[in-house]
Number of protein chains: 2
Amino acid sequence: MAPKVNINDIALKTGLSITTVSRVLNGKAEQYRIGKKSQQKIKEAARELNYIPNQYAANLRTGKSNTIALIVPSLNNPFFAGIASKINAEVRKFGYITIIGDSDENQEIEKIELLQLMSRNIEGLIIVPCGNEWEHIKHLHDLGLPVICIDRYFENVDLPYVSTDNYEGAYSATKYLLDHGHVSIACIQGVQAATPNKLRVQGFEDAMKEAGITDYSIVGDDYSVQNGYLETKLLFQHKTKPTAIFSLNNTIAMGCLKALKEEKIKIPEDVSLITFDDHPYLDFLATPLTCIAQPVSDISKIAIKFLFSRINNNEKNINQVLLKPKMKIKESVRNIL
Amino acid sequence: MAPKVNINDIALKTGLSITTVSRVLNGKAEQYRIGKKSQQKIKEAARELNYIPNQYAANLRTGKSNTIALIVPSLNNPFFAGIASKINAEVRKFGYITIIGDSDENQEIEKIELLQLMSRNIEGLIIVPCGNEWEHIKHLHDLGLPVICIDRYFENVDLPYVSTDNYEGAYSATKYLLDHGHVSIACIQGVQAATPNKLRVQGFEDAMKEAGITDYSIVGDDYSVQNGYLETKLLFQHKTKPTAIFSLNNTIAMGCLKALKEEKIKIPEDVSLITFDDHPYLDFLATPLTCIAQPVSDISKIAIKFLFSRINNNEKNINQVLLKPKMKIKESVRNIL
DNA sequence: TTGAATTGTACAAACGTTTGCGCATTTAAA
DNA sequence: TTTAAATGCGCAAACGTTTGTACAATTCAA
């Protein structure tokens, strides 16, 4: 790498001191009454020399890195990619930059990433925690780092979060299936210990119980395509096959689709399907999938709002909010009444 | 934020000098013959105090940031999200971290991001350039920053790149349509000035001309869903409607699907469709889409290999490689012979 | 003419690391 | 014993910024 130009070079070139250069380049010229001609000279020299400020040096001095971190379980999941894209764009408006980490649904990687990010003096963290351990995250929060969990979070832990009302989403999805005459409903879940998953399962169960149905299956243990695939395969090995499947997220739904296709089971003729999470492609599937859409954009925006109110205003409240999901009715649920 | 623990605190606590602390914590204990007990004490103290090294300070001294940057046009596009995910994971293996930028298909944002990243002392850059200006990227390359373009790149510019053989992909896709009896083929393109787009168009045209067909339409000007949608709508306003559409990327294909669905035009009965770019969802569409799949994983790996050979071995060759795409034949092309 | 106020600028320390060099102290060899 | 080698560690400078303070020169009022 060619040696970089620094403010000292500019000082030399203009015959002014680095102090003056720094002040002009930081827009503090007026405040420190730097002469107009000096300002001109400095700005011109900076342009000519292609000066690029060294954030790290500045950060070392000021303690401000203008950086926040986002950790998601998998950028490959369009749901999280969407969040990342949104957050990235929103954060830029605050003059900050986002470092995106991908924990690959692996808590150990998550921890390592977190340390690396802390080493980089992040001023805030938005995280979709990928496991059920929360201590390492709470620890950072206690240290004073502004932290917001999104999508996934921890109940009964004093950490701010913004997520979807998963219970309600699952409850209404199940209700919808019930209202269409389904009784034998299978629910394919993700990571069991995760709060959203627990709440979704609970919403499902409550709706079932309210309908007086106690004979349902809840299977699966992982937010993966593979899990959706295998569990769907298994479901149709049983003597009593479900008339409807409730997939607890988009990747599981994909596995589901794959298995159903292989088995030549038609949606919604042979089985009805409803899933958590939306995606543009869902509309173009063989059968457009009815889904529980999470307000991704709102979640991102609110999370950032909270984060920056912690960063800038030193807000101390532990905000915990759940946004209402929205059911998008398409064609994957058959009325069997 | 709570005041952070630094090596000085450890030095104080252990009664050793910061020099010794630094050396032990950097694994240079043996090299500098630090006593075993001292090493123990230091490591223990670091753990007890929850020491987190300050990368920025270290970087300031050493010039190594252990950071590379990735800029993609849109994380929302699953194709780029996949690349980002892959690169993120691969880079970690080298002990580096990736800062991901999203240019939102906007060259001005790309430039701004680039500056911000340079301010953060990145040691390398992998970029999917979103426009047809290459000077700002070449400039960084000339400055000595290891740069690799992926997916999109510039012809006749001395910048390393790893991409797909777009010409071949488009040529064989077109050939495939022709072989199935299609004559009236419409091609919906993306950003016209972009190299991959140009090559795809060229592959399309060459195949058509070879078949003796000169009457074809090439429409569109943008890698957006909207573009695919509008152009498809327009195509079917004409008196002579195409029997096949060749979509030049996945987002365009989505717009295409949307328009076809609205117009109740069936694939492949009414029109055949083939698209560049693969995605898991493609298999589950109403009609699984035949596509030209790019070797995303290989592109990412090779790019990183090149990048680190520049970073570590000061490799100077301008590597420019094109990988063969793979046609995945599904059900969206009808044989009309 | 004097003194105060204003204007324009610079010194030097600090941020948390890393590292070339050098200095004790101990051990081993003669 | 004396001397050389080996062992263990610390000093202080440097990386590129920012900023509290200070100081000189000019302008202005009296």
Side-chain angles (χ1 to χ4, degrees), chain A residues 1-42 45-46 49-67 116 118-123, chain B residues 1-42 45-46 49-67 116 118-123:
Chain A
M1 284 284 298
K4 279 201 185 166
V5 174
N6 57 29
I7 53 172
N8 196 34
D9 297 325
I10 301 183
L12 254 43
K13 173 152 183 167
T14 57
L16 293 162
S17 76
I18 60 167
T19 303
T20 305
V21 172
S22 170
R23 286 180 171 142
V24 168
L25 262 24
N26 282 296
K28 305 195 178 168
E30 301 314 319
Q31 182 183 342
Y32 286 96
R33 306 171 314 228
I34 311 293
K36 294 289 176 198
K37 329 98 200 173
S38 296
Q39 294 189 37
Q40 278 308 319
K41 279 206 293 186
I42 289 170
L49 296 175
N50 275 310
Y51 171 67
I52 296 178
N54 184 331
Q55 273 277 347
Y56 289 5
N59 171 233
L60 192 55
R61 176 61 227 250
T62 61
K64 280 196 67 65
S65 65
N66 291 305
T67 303
Q116 286 181 325
M118 287 302 288
S119 277
R120 286 174 158 80
N121 301 2
I122 53 171
E123 293 182 41
Chain B
M1 285 284 297
K4 280 201 184 166
V5 173
N6 56 30
I7 54 172
N8 196 34
D9 297 324
I10 301 183
L12 254 42
K13 172 152 183 164
T14 57
L16 293 161
S17 75
I18 59 168
T19 303
T20 305
V21 173
S22 169
R23 286 177 172 143
V24 168
L25 262 24
N26 282 298
K28 305 197 178 165
E30 302 312 320
Q31 183 183 341
Y32 286 96
R33 306 171 314 230
I34 310 294
K36 295 290 176 199
K37 330 99 201 172
S38 295
Q39 294 189 36
Q40 278 308 318
K41 280 206 291 185
I42 288 171
L49 296 175
N50 274 310
Y51 171 67
I52 296 178
N54 183 331
Q55 274 276 348
Y56 288 4
N59 170 234
L60 191 56
R61 176 62 226 250
T62 61
K64 279 196 67 63
S65 64
N66 291 304
T67 303
Q116 287 181 324
M118 288 303 287
S119 276
R120 285 175 158 79
N121 301 1
I122 53 171
E123 292 181 42

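The figures here come from the full heavy-atom set of this structure, side chains too, leaving out hydrogens, waters and symmetry mates. Order of the sequence lines sets the chain letters (A, B, ...), proteins ahead of strands, with each chain counted from 1.
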**Request:** For the side chain of B:R61, starting at C-beta, report the closest nucleotide among C:dG16, C:dT9, D:dT19.
**Result:** C:dG16
**Request:** Mind calculating the distance between CG (B:L49) and P (C:dG16) to the nearest angstrom?
**Result:** 14 Å
**Request:** Determine the contact category for B:N59: base if any of its heavy atoms lies under 4.0 Å from a base atom, sugar-phosphate if only primed atoms, P, OP1 or OP2 are that close, otherwise nothing.
**Result:** nothing
**Nearest-0.5 Å distance that lies between atom CD1 in A:I42 and atom OG1 in A:T20** = 6.0 Å
**Item:** Check: A:R23 side chain, C:dG8 base, donor-acceptor under 3.5 Å
**Value:** no
**Request:** Taking only the side-chain nitrogens and oxygens of A:Y51, find out if one of them lies under 4.0 Å from OP1 or OP2 of D:dT17.
**Result:** yes
**Asked** For D:dT19, does either OP1 or OP2 sit under 4.0 Å from a side-chain N or O belonging to A:K28?
**Response** yes
**Message:** I'd like to know if A:T19 reaches the base of D:dT19 with its side chain such that a donor and an acceptor end up less than 3.5 angstrom apart.
**Reply:** yes
**Prompt:** To the nearest Å, how far apart are A:N8 CG and C:dA12 P?
**Reply:** 15 Å
**Message:** Taking only side-chain N and O atoms of B:S22, does any of them lie within less than 4.0 angstrom of OP1 or OP2 on C:dT18?
**Reply:** yes
**Asked** D:dT7 P sits how many Å from B:Y32 OH, rounded?
**Response** 17 Å
**Message:** Whole angstroms only, please: what is the CZ-P distance between B:R33 and C:dG20?
**Reply:** 14 Å
**Prompt:** Does A:Q39 reach the main-chain N or O of A:I34 with its side chain, forming a donor-acceptor pair under 3.5 Å?
**Reply:** yes
**Message:** At less than 4.0 Å, is any side-chain N or O atom of B:T62 found next to OP1 or OP2 of C:dT17? Yes or no.
**Reply:** no
**Message:** Rounded to whole Å, how long is the line connecting atom CG of A:L60 with atom P of D:dT19?
**Reply:** 13 Å
**For A:A57 against B:L60, the heavy-atom pair lying closest together** = CB-CD1, 3.6 Å
**Request:** May I ask you to verify if any side-chain N or O of A:N54 is less than 4.0 angstrom from the OP1 or OP2 atom of D:dG16?
**Result:** no
**Asked** With no hydrogens and no angle check, is any side-chain donor or acceptor of B:N59 less than 3.5 Å from a backbone partner on B:Q55?
**Response** no
**Request:** Could you check which of C:dA10, D:dG10, C:dT19 has an atom nearest any side-chain atom of B:S17?
**Result:** D:dG10
**Message:** For a quick test of reading the model: is some side-chain N or O of A:T20 closer than 4.0 Å to OP1 or OP2 of C:dA10?
**Reply:** yes
**Message:** With a 3.5 Å cut-off and heavy atoms only, can you find an N or O donor on one side and an acceptor on the other between the side chain of B:R120 and the base of D:dG16?
**Reply:** no
**Complete:** Against the side chain of A:I7, the closest entry in D:dT18, D:dT19, C:dT19 is D:dT18
**Message:** Has B:D9 got a side-chain atom pairing as donor or acceptor with B:L12's backbone, closer than 3.5 angstrom?
**Reply:** no
**Message:** If I take atom CG from residue A:L49 and atom CD1 from residue A:I7, how far apart are they, to the nearest 0.5 angstrom?
**Reply:** 12.5 Å
**Message:** Could you tell me how far apart A:N121 (CG) and D:dT17 (P) are, to the nearest whole angstrom?
**Reply:** 17 Å
**Item:** Distance, rounded to the nearest Å, where B:I10 contributes CD1 and C:dT18 contributes P
**Value:** 11 Å
**Asked** To the nearest Å, how far apart are B:Y56 OH and D:dG16 P?
**Response** 17 Å
